[in-house]
Each structure stands twice: as C-alpha cells, then as structure tokens.
Amino acid sequence: MYYTLYVEFIDLKKQLKSQKPAPCYVCYGDDDFVLDRAMSLLTGLAAEPKPFNCIDREFISSRELTDELMQLPLIGDYRVVVARGKVDMSAVEKYLESPNPSAVLVLPIYTPHDSWGKAATPTIPKGGVGINCNRMPYNQVAPFVIALCNRTGATAEEKAIRLLYNKCGGYMSRIDAETQKLAMLKAGGQITESDVNEHVKPDTEFVVFELCESILNGDTARALSIVDGMAKNNDLVAAFTLIYNRFRKIFAVSVDPDGIEGLGVKPTQVGRLKTEGARYGKLRLKKVLDMLESADYSYKTGASTVYDALTSFVAQAAYIKN
C-alpha cells in the first residue's frame, strides 16, 4: 500500500479512518499538546486490554524492539509499540523491509519550543510516515477556540482569538487552558481583546517579538518597558537566546532572501522576515547582533547583571539608524 511520506496532524484522524495504518509513524514537532494528541490517535489503534496490545517505553537494543514488534496482538487487529528515546533508524528501516502487518511502530520526537530556531524536519525511514506536530497555523486553531467557547455559551471576537493565539505563542496546551478560563469568565457573553489582555499572560516568545519590533522601530521607551515587564517574570535569560535567534534570521534573510527556508524557518514566517530584512538593512542588523553578543558576554562573565546587560543593549540598539 502507498503511504504519504509526511502528513499534517490535522489530517491524521481522517487518514486512519480511510486506510490501513502505516507500519511506522514518526511524530515530530514543537507543540507537545499536538504531538500527544497524535500519539493518542495512534495508540487508539490498539484494542483492550491495552497493557498487552500497546507498549510504550525505551528499548535497550534494536533486537529487543524488533522482538516486540513481531508479536501478535492479544485481541484486535493491531499491536502498537511506542519506542521512546534514541532508536537505531537503520534497524528500523531493515525491519520495515518486511514489517509485521499487525504491528504499528510509533516514534515520538519532541523538539524545542523556539519558533526562531526550529529544528529541521527529521528523516523519515523508508516505509514510515512523518506526522507534523509543530504548532498549527491560526486558521486551524480558531475553530478549536470557538468550539471550546461554545461549551459555556460564550463567543469570541476574531481579533480576540488572534490575540490569544499570538500571546500563547501558538502553543495549543496554553491556548486550550486559556480559552477554557476565558470561556468560564465570560460564560454567555463575548470575549474581547480587552479580556485577553487582562487575563492572559503573554508567552515569552510573543514578548520577545514585541521587544524586537520596538528596537527596530527605534521606540526606546516601549522597548525598555517591555524589559522591565520581563524582569518581573524572570524571563530575561531566555530572552537573550530568543532575541539573538530573531535578529539572526532577519539578518540572514537580508543577506540571502532565497536561502532563509534552509534555516528551518516555517513558510508562514518567511514573508515577514523578508520584509523586515529589506526594511532595516544589513549594516544596522549586523551592528545590533554585535551589540547583543557583547551584552550576552557581559552578563555571562559577571561584568554586569542580566537586567543591566539587556537594558544597556536595548537602549543602544534602539538608537541605531539605517
């Protein structure tokens, strides 16, 4: 049977209903909520009693994994084997040359929560299917938010849903929790942008995006106020990595606009980065990166505190002109 090499999470359920499952699935991505949902759909292929038909653990050797895969289900059509940790992919490919038709191998690969340094798509073994569990685009998340709101009779403005999506960094675990909270607070009413601003704490990545925008726009007062807010939430150390990754991508696209996708940038981000790269110029962006490296070195060597290093960087970087 022919299997698509890569499948979006949103299409997985439909595919499992319409055709026989593939012998191997690689679930990868930076959204744990989405990845766990994909895993749930796949382990749901195993019938009860689950302890006999679904194995979920790390395997000491490839032989141990293969032996587990060759066993038949106690009841039902499929036995699901979830192999966590490091797996010998060459051994998996060899197994997939003649797989047990009653076994489904699932390989979960969690990637870091960093939208500007996203890990590259993993290599999918021949005969397997990759399930993209990275953060879903807004148009796929909005219906989920609307459905959650409907449970309490609440509605949400489109602008409020988009702001919620952005403040949560696109992560479904936070979107799910924050939507349920807002739906309870506004049961029978309407959720507005003001409600989201009041009740939803912004994700660090969203705050960093606002900070970078303020720096590039030369809005020193706004940038410094964002740093003060981050200091209250102890987000300053994480901010250095995120800020550097953000400016690095903008600089890279200003140097080579056609090569940016090779850096692991999502297609939805390419257009914005190209616009920013053309707008701010290579020389200014290079100066900003140099200042950021100096500030990072300053606090790591103890020459200054994290707060002082970041405040000094922001004040100087926002002043640089093209």
Side-chain angles (χ1 to χ4, degrees), residues 3-13 15-16 20-115 117-136 169-177 264 266:
Y3 298 101
T4 304
L5 187 59
Y6 292 97
V7 174
E8 297 296 319
F9 163 74
I10 200 77
D11 298 318
L12 177 59
K13 187 173 184 179
Q15 187 181 90
L16 291 176
K20 181 180 177 180
C24 173
Y25 289 93
V26 179
C27 298
Y28 66 91
D30 62 4
D31 194 319
D32 295 353
F33 183 93
V34 176
L35 201 149
D36 288 342
R37 287 296 178 90
M39 297 283 290
S40 179
L41 287 173
L42 292 169
T43 54
L45 293 169
E48 296 291 351
K50 278 288 196 295
F52 294 97
N53 290 327
C54 184
I55 305 300
D56 186 340
R57 63 183 178 86
E58 290 190 28
F59 291 88
I60 298 174
S61 67
S62 56
R63 176 61 184 272
E64 185 184 18
L65 173 59
T66 303
D67 287 346
E68 199 70 64
L69 287 166
M70 295 310 295
Q71 294 187 40
L72 297 175
L74 183 64
I75 298 175
D77 297 323
Y78 301 106
R79 191 165 188 271
V80 178
V81 178
V82 179
R84 298 187 181 271
K86 189 175 182 180
V87 176
D88 184 347
M89 285 306 212
S90 61
V92 170
E93 288 200 335
K94 184 174 178 60
Y95 160 77
L96 291 175
E97 292 176 1
S98 182
N100 175 2
S102 299
V104 176
L105 171 62
V106 181
L107 305 173
I109 301 177
Y110 295 86
T111 54
H113 291 193
D114 177 359
S115 57
K118 188 174 75 68
T121 301
T123 300
I124 306 302
K126 187 177 180 180
V129 174
I131 307 300
N132 183 355
C133 298
N134 285 306
R135 280 167 284 181
M136 297 188 295
Y171 291 115
M172 283 299 298
S173 54
R174 280 211 64 206
I175 292 171
D176 177 57
K266 293 180 182 179

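Separating the CG atom in L107 from the NZ atom in K86 is a distance of 14.0 Å, to the nearest 0.5 Å. With rounding to the nearest 0.5 Å, the separation of CG in N53 from OG1 in T43 is 12.0 Å.
Considering only residues two or more places apart in sequence or on other chains, D56 meets the salt bridge (Lys or Arg N to Asp or Glu O under 4.0 Å) condition with R84. Under the salt bridge (Lys or Arg N to Asp or Glu O under 4.0 Å) criterion, R63 pairs with D67, sequence neighbours left out. Remark: D36 engages Y110 in a side chain to side chain donor-acceptor pair (under 3.5 Å) (not counting sequence neighbours). With sequence neighbours excluded, no residue forms a salt bridge (Lys or Arg N to Asp or Glu O under 4.0 Å) with E93. Among residues two or more places apart in sequence or in another chain, the side chain to side chain donor-acceptor pair (under 3.5 Å) test is passed with R37 by none.
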Practice prompt. Given salt bridge (charged side-chain N to carboxylate O under 4.0 Å, His left out), test R79 with E68 step by step and report yes or no.
Written response: CA-CA 9 Å; R79 191 165 188 271; E68 199 70 64; 2.7 Å; yes
Discussion item. Side chain to side chain contact (heavy atoms under 4.5 Å, CB included) for L69 and L105? Distances and angles first, verdict last.
Written reply: CA-CA 7 Å; L69 287 166; L105 171 62; 3.8 Å; yes
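Under the 3.5 Å distance criterion, the side-chain polar atoms of K50 are matched with a main-chain donor or acceptor of A46. Side chain of Q15 to backbone of D11: no donor-acceptor contact under 3.5 angstrom is found. The closest donor-acceptor contact from the side chain of N100 to the backbone of Q71 lies under 3.5 Å.
The side chain to side chain donor-acceptor pair (under 3.5 Å) contacts involving residues 122-132 comprise E8-N132, N132-N134, where partners must be two or more places apart or lie in separate chains.
In this structure, Y78 and P101 approach most closely via the heavy-atom pair CE2-O, 3.7 Å.
Side-chain contact between I10 and L12 is absent, with no heavy-atom pair separated by less than 4.5 Å.
Considering L35, V34, D31 as possible partners of F9, the one that fulfils the side chain to side chain contact (heavy atoms under 4.5 Å, CB included) test is V34.
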